[in-house]
Structures are given as structure tokens and as C-alpha cells.
Amino acid sequence: MTVRDLWLTGGTVVDATGRDPFRADLRVSGGRIAEVVEVDPTTRPADRRGPGTAVEDVTGATVVPGFVDAHAHVGILRLHGQAALPAPVQAALVFDVLADSLAQGFTTLRDLGGVDGGLVEALRRGLVPGPRLLPSGQIISQTGGHGDLRGTAVDPRRDADPCRSGQNPGTGAPGLTLPMLLVDGADAATRAAREQFHRGATQIKVFATGGLLSHGDPIEAPQLTEAELRAVVDVAEDRGSYVTAHAHSPRGLQRAVRAGARCIEHATLVDEETVALMAASGTSAVATLTVSEVLRVDPASLGAGPVDPGDAARLRESAARAVDLLERYGVRLGCGSDLIGERQHRRGWEVALHARLSGAATALERATRVNAEICGIADEVGTLQVGKLADVAVLDGDPLAHPDLLMTARPRLVLQAGAVVARAGEVVR
Ligand SMILES: [Zn+2]
């Protein structure tokens, strides 16, 4: 295949730098954005055709940066019982989730627990289509914490050495997906974090409070001691990386921030004191609104049992309050779907749900530039600026006026590093 320049012509560009939308033609060359040529819509469009140059006419469409999901779990197909699926079946399902994410316009996923560098290598070699993937490996949890999926009647001797891959309570297929790793004590935490980097993690995820879809660990309870958290942070900082902590409630969240976590996931039950601490420490937050909405409309898709509608409603109200508080204190706020399951086709919901709380322009920037900043890749992706990798989604209609279209429609065209990877909602193979 000859490498050619590609023009996207006639579109309205939302470049995610904070600038208002403008009409421009984009030239892509060598995988990067080579030119953004502003166009006066009242004049005749320039003819961009030429030898060695392809043109995609996207008149009437909106051109945005490829989306970044800052909280994905492509390898978690079921919360319980995933190990009962043969490894090849799990692999096929994970590959399908990856390809489908691309078709939804998501060109980068930060995976917050489950998959490791093996999957990244499959993508890098071009064996399967999928977004740029930033894996965390296994989520580090304490025994009896949010990551302890064992039943209460488990034989503890079977998990005598929880750091040995394949013998921990996370279900999955070793080498493909292993969601959780239980640690107790700072030494175990150090080793667990080192293990994840060895297996290709780009950041470390820890559980610092209880959670929702688990039993036996109250959401208010802090998890992991400050010494355990610091041990993980030390390993990450030595690697030039960082720790992000699942934390809903103030005590555990504040402990994680004090221990040096650079990012907080969910942050659903934060109070002013906690948010002030985050702002003062420069800690980022990733709000995850899709999961509570899916709990409302389709809990079965998450493999969750029936959910008390009152609980789901309270969760949504808390999340909305948290977003408001984080915004008011100027905490850098990204967004992540936190989807799990065999079909993860609702990543775009996160953008639409943030638009309802914060406005569409802010939501689009969160899902592109801000998430790229949080992931530490903002020099390469996240905005449509000359020199950046050409990760682009072309949306029919105007997502700023009608953000809900991100819940119902897929991009007409998706570019990843300049290559057309999806068209009309289907991956180009
Ligand atoms: Zn998650």
C-alpha cells in the first residue's frame, strides 16, 4: 500500500484546544496532522485532489480528535465466572471489544485492570485492530478488599501466595486477562507493582476504598494502608509512571492522595475537604458516569444482579454532585466509561452524560485533550493540531448542539495515526 497524503475536506473542526468550532480542511501525512487550513465557507471549496493524495469529503460533518476512554476494562468480560470461558473464547471476545471500540471513535483506551502488555503486542504487530492501549495489568487490592472476588467460604490455602499469577482470585486467562492481585503488607505491594510493570503496565491501579458491585467491603472503608499505597507509588515513580486509585469515599481517597496517587477514579462521594486536598495536590480525577446509567437501563449487560433503583438513583445524584464540586475547585477532570462485559458498545455515552452536567464543549474536551493529559500522552494525541498523531473521529451532525447523538450514532469515519480504521461504524480490516 502506498502511503499517501489524505485530506479531510468540508468539515467543521472541534480541535479540543478550547477554541470555538471552525471550518477547515485537514491534511494528514506520515500518520500526523500536517496542515489545518481554515476555510471561508462562503467561497468555493479548494480542490485538494492531486497525485498521491486521497480526499475524504466530510462536508456537513464534525471533525474531532479520536476519543480517549480513561477508564476501560477490555479484558473483564464477566465479574464472576470468566475463567469458565475457554481462553480462546475470551481472546476472541476481547479482540471484538477492541475492534468495536475503534468503530465507536475511541482511538485510545487506558485500561484500568485486566490486560497486560501481551495484548499491546498483538495490537502493535497489527494482528488485531484496536485502539492504542495503556494497560495496568492487575489491579492491586488488599485481601478482603474491592478486588477480593472470592466467596466467603474459600479455602485460603489455595491462595497462599497471592502474588503468583494465576493463583489469585481474579478470574480470567493468564497472559490475556487477570483482573485482580491481592496484597497485604508493603513488601507484597512493592512486588505486585513491579510485577505489573514487568508485564507491560503503563500505570498502576489500586483499590483505595470499597466499591459498588462487590460484597463484603463497605464503600466508606479505606483500603490498603498508607504504607502499602506508598510502596506502590514508589515503584511507579521509579518507572517514571504513576498510580491511579479507585476511591469513592473521603477517607481512603485522602489517604491515596497523601500517599502520592496522581489520579483518582470515580470520586463519587467526595466532600469539600477532599476536593480541596486534590486541588492543592494537583491530583486528577476521572468521573465514570456510564456505569450508573447502564445500571439503570441494562444491569444485565454488566453481569450485575438486579440493582435497587433507589441505590442507582442515589449513585447518579452523588456522581453529579461530585462533578460539580471537582469543577468548582479546578481539579483536572477526565472521563471514563468503566464498561465491562462481552459487549462494550456504549463508550460514547460517557461524553453525552458529561455534556448533560458540564456542557458539550467541556465534555468533548474531557474525552479527548484532558484524558490524554491524564494518560500522559497529550504531546501525541488529544487535540487536532499540526504535529499530533492523526487520531480523528468524523461525526455526522453537530455533537456540540446535540451531544446525545454520541449515545446513538457511530462516527462515519475514524482515523488512527492517519490510517482509516473504521467507516460507517464498522472496522475496516
Ligand atoms: Zn473500573
Side-chain angles (χ1 to χ4, degrees), residues 68-80 82 94 97 101 106 108-116 119 131 133-142 145-149 169-172 177-182 196 201-215 217 219 223-224 242-249 252-253 256 261-269 284-295 299 301-304 307 312 315-316 318-319 322 333-344 346-347 349-350 353-354 367 371 374-375:
V68 179
D69 190 338
H71 193 131
H73 294 288
V74 297
I76 302 185
L77 308 167
R78 297 179 182 177
L79 265 190
H80 298 280
Q82 184 170 330
V94 170
V97 166
S101 300
F106 283 79
T108 303
L109 304 179
R110 184 177 66 154
D111 194 280
L112 288 190
V115 298
D116 64 23
L119 197 55
L133 189 66
L134 303 170
S136 307
Q138 290 160 292
I139 304 165
I140 297 174
S141 168
Q142 68 174 41
H146 190 47
D148 194 342
L149 302 177
T171 59
T177 173
L178 284 174
M180 318 292 179
L181 185 51
L182 301 187
Q196 303 323 308
T202 50
Q203 67 286 319
I204 301 288
K205 162 88 173 292
V206 297
F207 283 137
T209 73
L212 292 161
L213 297 175
S214 60
H215 56 91
D217 65 315
I219 198 163
Q223 296 186 2
L224 295 172
Y242 67 96
V243 172
T244 189
H246 154 113
H248 288 284
S249 44
L253 197 159
R262 301 300 303 151
C263 185
I264 298 293
E265 306 300 312
H266 315 302
T268 317
L269 304 173
S284 303
V286 171
T288 54
L289 305 178
T290 301
V291 150
S292 47
E293 184 66 10
V294 174
L295 275 178
S301 71
L302 296 172
V307 177
L315 174 64
R316 279 198 309 283
S318 304
L333 180 59
C335 60
S337 69
D338 201 10
L339 285 169
I340 58 172
E342 296 185 7
R343 282 197 71 219
Q344 301 180 9
R346 293 172 171 138
R347 292 199 196 286
W349 285 31
E350 191 66 24
L353 293 168
H354 277 260
N371 278 351
I374 288 172
C375 294

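Worth knowing before you read on, the calculation uses all heavy atoms, side chains too, and leaves out hydrogens, waters and symmetry mates. Remember, it's 1-based here, ligands and their atoms both numbered in the order they're listed.
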Item to check | Partner of Gln196 by side chain to side chain donor-acceptor pair (under 3.5 Å), out of Gln203, Gln138, Lys205 | outcome: Gln138
Item to check | Worked check of side chain to side chain contact (heavy atoms under 4.5 Å, CB included) between Val74 and Leu119 | outcome: CA-CA 10 Å; Val74 297; Leu119 197 55; 4.0 Å; yes
Checklist entry - Side chains of Glu350 and Ser337: is there a donor and an acceptor less than 3.5 Å apart? => result no
Checklist entry - Do the ring planes of Phe207 and His246 sit parallel (below 30°), tilted (30 to 60°) or perpendicular (above 60°)? => result perpendicular
Checklist entry - Given Leu109 and Arg347, is the side chain to side chain contact (heavy atoms under 4.5 Å, CB included) satisfied, shown in steps? => result CA-CA 10 Å; Leu109 304 179; Arg347 292 199 196 286; 3.9 Å; yes
Checklist entry - Using a cut-off of 2.8 Å, how many protein N, O or S atoms lie below it in distance from the Zn ion (ligand 1)? => result 3
Checklist entry - Side-chain donor-acceptor pair under 3.5 Å between Ser141 and His146, yes or no? => result no
